[in-house]
Enquirer: 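Have a look at the structure that comes next, please.
Just so we're on the same page: letters track the sequence lines, and every chain starts at 1.
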Protein chains: 2
Amino acid sequence: MANIHDIAKKAGVSATTVSRVLNNHKYVSDEKRRAVKNAIDELNYTPNRNAIDLIRGETKQIGVIIPYNNNQAFDQMLHGALNKSIEHGYSVLVLPTRYDAKKELEYLSMLQTKMLDAIIITSRSNVWGAITPFTTYGPIISCEYTDHAEIGCSYMDRYASYVDAFHLLKENGHEKVAFTTARGMESKSTIQTFTAYEDVFGKPPSEYVISSCYSLQDGYRAAQKLLQLKEKPTAIYANGDEVATGIYQYAVSLGMHIPNDLALLGQENQPMGVAFGISTVDHQLIKVGEQAFQLAIEKSKQKIKIPYQIIHRSSI
Amino acid sequence: MANIHDIAKKAGVSATTVSRVLNNHKYVSDEKRRAVKNAIDELNYTPNRNAIDLIRGETKQIGVIIPYNNNQAFDQMLHGALNKSIEHGYSVLVLPTRYDAKKELEYLSMLQTKMLDAIIITSRSNVWGAITPFTTYGPIISCEYTDHAEIGCSYMDRYASYVDAFHLLKENGHEKVAFTTARGMESKSTIQTFTAYEDVFGKPPSEYVISSCYSLQDGYRAAQKLLQLKEKPTAIYANGDEVATGIYQYAVSLGMHIPNDLALLGQENQPMGVAFGISTVDHQLIKVGEQAFQLAIEKSKQKIKIPYQIIHRSSI
DNA sequence: GTGAAAGCGCTAACAC
DNA sequence: GTGTTAGCGCTTTCAC
């Protein structure tokens, strides 16, 4: 594998000069510049990125922490980051945690080992206190709002959107409203859903809250539980459109009509939701990811709120 | 940022000894080992990966080339690669091309620059002749079969699966069968679909072939074209379950019944297919991705065929 | 304009 | 068991 010295020798110049033409410095005579370029072509030379990264102390690589990589929501944020990465000549390393806090810490330490210039956290497993120390080594951007001054945030206004969603349901005459969540109370968005519910309807009956919902099947199961209650809900706010679709399907299999017998509101405007005409709260996760990436490369600690929008279809 | 010499000084040993404890070499006295470990803890030291990579000539990073990152099929292969990467202590770099051949070449040269230990190509943009030269710099694994001895392959037996699918349709009494594809004749899988069709039904009428199908909406549009023909097809083989769902929806909107009025066969066993009960040809893309990763880290040039399976649901 | 020399942070002979 | 020395491939003062 040819290196800079091989080129230098072949072109009859010093390594310094080769480096200069490589980096488009001025003050290189046309003659030598040409000689160097020829040598580079002939030996099919490419500079070693590790050496450059070592000296520069940066890699032009950004890590994106996601809990699962087959989850529509996190994929959307990753998608946004990838969009921007191409634009700016960065590469994106995917860092799946499966909500393993230790794994997450390992990933964060990649800032310290200089593998990564910055890290974007789409959903965290550790408490902030364990995460913030790593900001010493490089920017950490969160896709969830946090007060910590060291952490840049590109976040959706989850709480407001939840309140909005529940209000919408209430305005439509629903009083018996259930909802699904992904994780339990260790998750901020679950807590926010709870609180928003309380604000609008008061404390939710525990049978009206179904957690561990990620997929279509989970939605189906949630509906099974919910629709066998004596006090059936008349509306359900699902934590994703796939989950909402699962609910939809079970309800329809029971001969129920959507939205007459049961109103359904989903989240994230996923393809499956459009297929089933499910109204949804779109948190614009792709934009969240794009903005997060922008903050990452700007080493910015700003807190930027991405607006959500409610998309009305026929399930409500 | 502390480096190995700081640790050495603090522990009162040489850098070599520090390196030795870092890499768990034997022949270090317990005493010095302890001293080094203490120093490491006190200074919160982590070795610089760039320096290590530079010296070792490898990065424990594998790149995965995908055309689009929001496409279910490619995401599945990426998913497979990620699964294995964690197991083996590797990181995965996502390399989206949007089928831009120049971009792909740029990515391939990351082997040469020593950024990547290997590259997995889920779908290629260049001719093989342009790709194979890069195998000099590191393993390239393809998720499509190719004869080139330098390229390892983890592939699905697409052709056989297509023939099988068309046969299945024929056995079910269908003679007027249409199909959709993603790209045109620049894509091997499109060509294979054509050939398989010819083998079973003879040359396809050009109205029966709809390309540029990626999403639900594309399927919807395909159905619009197909179902206004005088000679309507009685069965459609879609290139994905989302596309099949789009077709499904348009057909149903016309008052048609699936499968009585129109049989539908999808591909890749995507969530949306299960939601709509769409029979599908599952090429087991996650396994393809996992196997590809395995080949990559083993620097193997084997050609491994992943079996497909047909999943019977209610659309046929 | 150009090159010599130092150094980024680490590992690996080799000698003792 | 341990340290000295020489690099890995590049960039960057600093002279000339």
Enquirer: Using a 4.0 Å heavy-atom cut-off across all strands, classify B/Asn23 as base, sugar-phosphate, or nothing.
Expert: sugar-phosphate
Enquirer: Is a donor-acceptor pair below 3.5 Å formed from side chain A/Thr16 to base D/dT12, judging by atom type as modelled?
Expert: yes
Enquirer: Within this structure, what is the CD1-to-P distance between A/Ile7 and C/dG3, rounded to whole angstrom?
Expert: 15 Å
Enquirer: Whole Å only: how far is the CG atom of B/Leu54 from the P atom of C/dG7?
Expert: 17 Å
Enquirer: Taking the side chain as C-beta and beyond, is there a heavy-atom pair between A/Arg98 and A/Lys103 under 4.5 Å?
Expert: no
Enquirer: Could you check, using the six-membered ring where one of them is a Trp, whether A/Tyr159 and A/Tyr145 have ring centers closer than 6.0 angstrom?
Expert: no
Enquirer: Ion pair present between B/Lys287 and B/Glu290, side-chain N to carboxylate O less than 4.0 angstrom?
Expert: no
Enquirer: Would you mind classifying the nucleic acid contact of B/Ile52 as base, sugar-phosphate or nothing, using non-hydrogen atoms under 4.0 angstrom?
Expert: sugar-phosphate
Enquirer: How is B/Ser29 classified with respect to the nucleic acid when contacts are heavy atoms under 4.0 Å: base, sugar-phosphate, or nothing?
Expert: sugar-phosphate
Enquirer: For A/Lys32 and C/dG3, is the shortest distance between a side-chain N/O and OP1 or OP2 below 4.0 Å?
Expert: yes
Enquirer: Which part of the nucleic acid does A/Val13 contact within heavy-atom distance under 4.0 Å: base, sugar-phosphate only, or nothing?
Expert: sugar-phosphate
Enquirer: Starting at atom OH of A/Tyr45, determine the distance to atom P of D/dG9, rounded to an integer number of angstrom.
Expert: 10 Å
Enquirer: Would you kindly give the CG-to-P distance between A/Leu22 and D/dG9, to the nearest whole Å?
Expert: 15 Å
Enquirer: In whole Å, I'd like the distance from the CZ atom of A/Arg49 to the P atom of D/dG9.
Expert: 16 Å
Enquirer: Going by modelled atom types, is there a donor-acceptor pair between the base of C/dG3 and the side chain of A/Arg20 at under 3.5 Å?
Expert: yes
Enquirer: Applying side-chain hydrogen bond (donor to acceptor under 3.5 Å, both in side chains), run through B/Tyr99 and B/Ser123 and close with a yes or a no.
Expert: CA-CA 8 Å; B/Tyr99 282 124; B/Ser123 182; 2.6 Å; yes
Enquirer: Nearest heavy atom decides the nucleotide; on that basis, is B/Ser14 or B/Ile55 closer to the 5' end of DNA chain D?
Expert: B/Ser14
Enquirer: Take the protein atom CD of B/Gln112 and the nucleotide atom P of D/dC10, then report the distance between them rounded to whole Å.
Expert: 11 Å
Enquirer: Counting the atoms with a prime plus P, OP1 and OP2 as sugar-phosphate, which does A/Thr17 contact under 4.0 Å by heavy atoms, base, sugar-phosphate, or nothing?
Expert: sugar-phosphate
Enquirer: Any side-chain N or O of B/Asn3 below 4.0 angstrom from OP1/OP2 of C/dG9?
Expert: yes
Enquirer: Where each residue is assigned the nucleotide of DNA chain D containing its nearest heavy atom, which of B/Tyr27 and A/Ser19 is assigned the position nearer the 5′ end?
Expert: B/Tyr27
Enquirer: Between A/Trp128 and A/His148, how do the two ring planes meet: parallel, tilted or perpendicular, split at 30° and 60°?
Expert: tilted
Enquirer: Could you tell me the separation between the CZ atom of B/Arg33 and the C1' atom of D/dT2, rounded to a whole number of Å?
Expert: 13 Å
Enquirer: For B/Lys9 and D/dT2, what is the distance between atoms NZ and P respectively, to the nearest whole Å?
Expert: 20 Å
